[in-house]
Amino acid sequence: MIEIGLTGWGDHPDVYAPSSSAKDKLVDYSAHFPVVELDSTFYAIQPERNIRKWIAETPDNFRFIVKAYQGMTGHHRGELPYASVEEMYEQFRLSIQPLQDAGKLAMILVQFPPWFDCTKENVQEILFIRNRLEGFDIAIEFRHQSWYSSDYQEGTLGFLRKWNLIHSVCDEPQAGDGSIPLVPETTRADKVLFRLHGRNVQGWRNLSGDDQAWRKVRYLYNYVDSELQEIQTAVQKLKAETEEVFVVFNNNSGGHAAQNAKRFQKMLNINYERLAPKQLDFFEGEW
């Protein structure tokens, strides 16, 4: 099974009904896609009321890929807003437990920063996180190229397999050490994650040093059909090796993610059933 979705549901105008308001966005989104990456959890651990609201707004078979809080992955700057690391993990677990109980948690995405390189200390950090999130399915995404060097790639994949961790396969700009190659390998028999970040090499690098401006263009990319065909080959390889392939388009700085995802869905001849009961006819001409 191939499940296609986008990063977040709040910034994809192509999938909203003309008469919808801001509060309808998740409902509209779930009429198009069966999975979404929940990225608000990266910036702040969400209150349980938000999680339960999102559960109620989505179909029974809809699932969330929850991005781990930035304080857990080394992205957070400054002092953590928690009394201890233990409290931070406990609050995160309590926050997402309702998704697990509802059968709507596909996995937790633990995305490490570009400076998280392949060292013994960082291997131990991954195990620390795994132990703190025991009982949840965890996907690991690297951003430093060393994990996939000729010396370490097999060891990296073997490590993920040994500890039952999901490999996050990425398509992203090839921009030196702070980017990884496309390695379509699965480390579990039940599921794998494939995230598409676009191929904007200049946008990937923060050459100006302006974080705010950089974030607006980092994922500015529109995949052409020949590139989506490359992605299709990789996805079909993964599909032959695991039960579920979750494909998430993250190239939305210019609003291209939804259109690319729809085109990719058509290429694969996939029609999702049991989505939210919305009338979609007026959308069909857009893809």
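No hydrogens, no waters, no symmetry mates; every other heavy atom, side chains included, goes into these values.
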Relative to the ring of F116, is the ring of F142 parallel (under 30°), tilted (30 to 60°) or perpendicular (over 60°)?
parallel
Could you tell me whether R130 and E134 make a salt bridge, using a distance below 4.0 angstrom between a side-chain N and a carboxylate O?
no
Would you find a donor on one side and an acceptor on the other, under 3.5 Å apart, between the side chain of K266 and the backbone of A261?
no
Are side-chain N/O atoms of Q259 and D14 paired as donor and acceptor at under 3.5 Å?
yes
Does E230 pair with R199 as a salt bridge, N-O distance under 4.0 Å?
yes
Side chains of H197 and N250: donor-acceptor distance under 3.5 Å anywhere?
yes
Any salt bridge linking K25 with D11? Criterion: basic side-chain nitrogen under 4.0 Å from a carboxylate oxygen.
no
If I take atom CZ from residue F112 and atom OG from residue S168, how far apart are they, to the nearest 0.5 angstrom?
11.5 Å
Going through the checks in order, is the side-chain contact (heavy atoms from CB on, under 4.5 Å) test met by Y89 and I129?
CA-CA 9 Å; Y89 275 96; I129 294 172; 3.2 Å; yes
Quick check: does any side chain N or O of D28 sit under 3.5 Å from a backbone N or O of V15, one acting as donor and the other as acceptor?
no
Are R132 and E90 within salt-bridge range, i.e. N to O under 4.0 Å?
no
Can the positive tip of K262 be found less than 6.0 Å from the middle of the six-membered ring of F33, inside 45° of the ring normal?
yes
side-chain contact (heavy atoms from CB on, under 4.5 Å) for I231 and F194? Distances and angles first, verdict last.
CA-CA 9 Å; I231 302 300; F194 197 153; 4.1 Å; yes
For T186, what residues pass the side chain to side chain donor-acceptor pair (under 3.5 Å) criterion, not counting sequence neighbours?
none
Check whether NZ of the Lys or CZ of the Arg K67 lies under 6.0 Å from the centre of the six-membered ring of F42 and within 45 degrees of that ring's axis.
yes
Could you check whether Y221 and Y223 have their ring centres less than 6.0 Å apart?
yes
Answer yes when R143 and E141 have at least one side-chain N-carboxylate O distance shorter than 4.0 Å, and no when they do not.
yes
Any salt bridge between R63 and E244, counting N to O under 4.0 Å?
yes
Considering the options L105, L165, L193, I166, which one meets the side chain to side chain contact (heavy atoms under 4.5 Å, CB included) requirement together with D137?
I166
Student check: side-chain heavy atoms of T156 and W147 closer than 4.5 Å
yes
CD/E57 to CG/D24 distance, rounded to the nearest 0.5 angstrom?
8.5 Å
Can L109 and V66 be said to form a side-chain contact (heavy atoms from CB on, under 4.5 Å), step by step?
CA-CA 6 Å; L109 168 61; V66 174; over 6 Å; no
